[in-house]
Amino acid sequence: MLNRRNFLTAAVGVAAAGGLAACAKEDDSSSSSSSEGGSKAITLGFSQVGSESGWRSANTDSVKEAAKEAGYTLKFSDAQQKQENQISAIRSFIAQKVDVIAFSPVVVTGWDAVLKEAKAKKIPVVLTDRSVETSDESLFVTLVGSDFTDEGRRAAKILEKVLEKAGHKGPVKIAQLEGTTGAAPAIERAKGFKEVMDADHKDDWKIVVSQTGDFTRAGGKQVMAAFLQSNPDIDVLFAHNDDMGIGAIQAIEAAGKKPGKDILIVTVDGVKDGFVAMSEGKINAIVECNPLLGPQLMEVVKKVKDGETVERWIKTKESDFMQDQAKEALPTRKY
Ligand code: GZL
């Protein structure tokens, strides 16, 4: 997994390579219509993970709105959370000679071959939301997205506040609902949370059960029901996204327990339904992961096409929310 240092040290070299690729691409003829200023409109190929969560829907809306605003021709593909569909979409974008390819990789591995095909055709690739594992840093120019490891750390730190507020004393039994197996947010949120646990809570916190709910409500509900069968004395649920947390709430209530009281819940994302659950006292804290990446993405796409150097990792700004902030924040939530 590329970390922030890798990203930044490789910034100039790779971006220049990407830029050169973009310049070279400019020489090819493009079928897209013209935009203001007489230059040809940018044609962007975008492969989206799927529509598995409220976060993803907001992310898709942001990308589509921002592309329209920028006057780009957007070729959009929904992979239904299947890597093979993303690879096919990227191959189709290459065949259509788009100016830039952007995608959110559903999992971190298995991309080198198709990204080498894009490189061979001098089409620059921009990662958005999730990163990939690759030894060849020239295969993509930049990542526009969050630091998921930091989100995991922030989840553990805000859980400290939640436990204190709830007056919890003694050992803490934690259930973890993981995101999609092999996905960067799942790997890195778990890693960040464990970092804080190992450093500050070796003696009192324990993850007693951990399993993927695939970032969906149905997955969260089904797996939480199984957790409660095998571990009826869970104190805390850490869910890698709001949607799995919302699904888990249904299972917790079906088991006759009070979410947010009998089982304290910390989730990640900050979608509207997560804030509603928090305002109802069912989620205790949310670590925000901003899906509104569209404007930043379109800005980077233009720079990459124009051969400008861009940072290797363009991080999104986000905050954290305790339950008592939910009601006030809800009216201004944008997703
Ligand atoms: C995070 C994103 C994750 C969200 C989930 O940037 O990749 O995928 O946390 C979504 O809600 O399904």
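In listed order, ligands and their atoms are each counted from 1.
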Going through the distances and angles, do His240 and Gln176 end up as a side chain to side chain donor-acceptor pair (under 3.5 Å)? CA-CA 8 Å; His240 288 184; Gln176 179 174 231; 3.0 Å; yes
Chi angles and distances behind the side chain to side chain donor-acceptor pair (under 3.5 Å) call for Lys119, Ser138: CA-CA 8 Å; Lys119 184 180 172 186; Ser138 72; 2.7 Å; yes
Does the side-chain contact (heavy atoms from CB on, under 4.5 Å) test come out yes or no for Met322 and Asn284, once each step is laid out? CA-CA 6 Å; Met322 289 291 285; Asn284 299 87; over 6 Å; no
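Screening Asp129, Asn85, Asp78, Asn59 for a side-chain hydrogen bond (donor to acceptor under 3.5 Å, both in side chains) involving Gln48 leaves a single residue, Asn59. Tested against Asp242, the residues Val276, Ile286, Val268 include a single side-chain contact (heavy atoms from CB on, under 4.5 Å) partner, Ile286.
If you look at ligand 1, the protein residues with a non-hydrogen atom under 4.0 Å away are Glu52, Ser53, Trp55, Arg56, Asp129, Arg130, Phe148, Pro185, Arg189, Phe215, Asn241, Asp269, Cys289.
Every residue two or more places apart in sequence or in another chain that forms a ring-ring contact (aromatic ring centres under 6.0 Å, His included) with Trp111 is listed here: Phe103.
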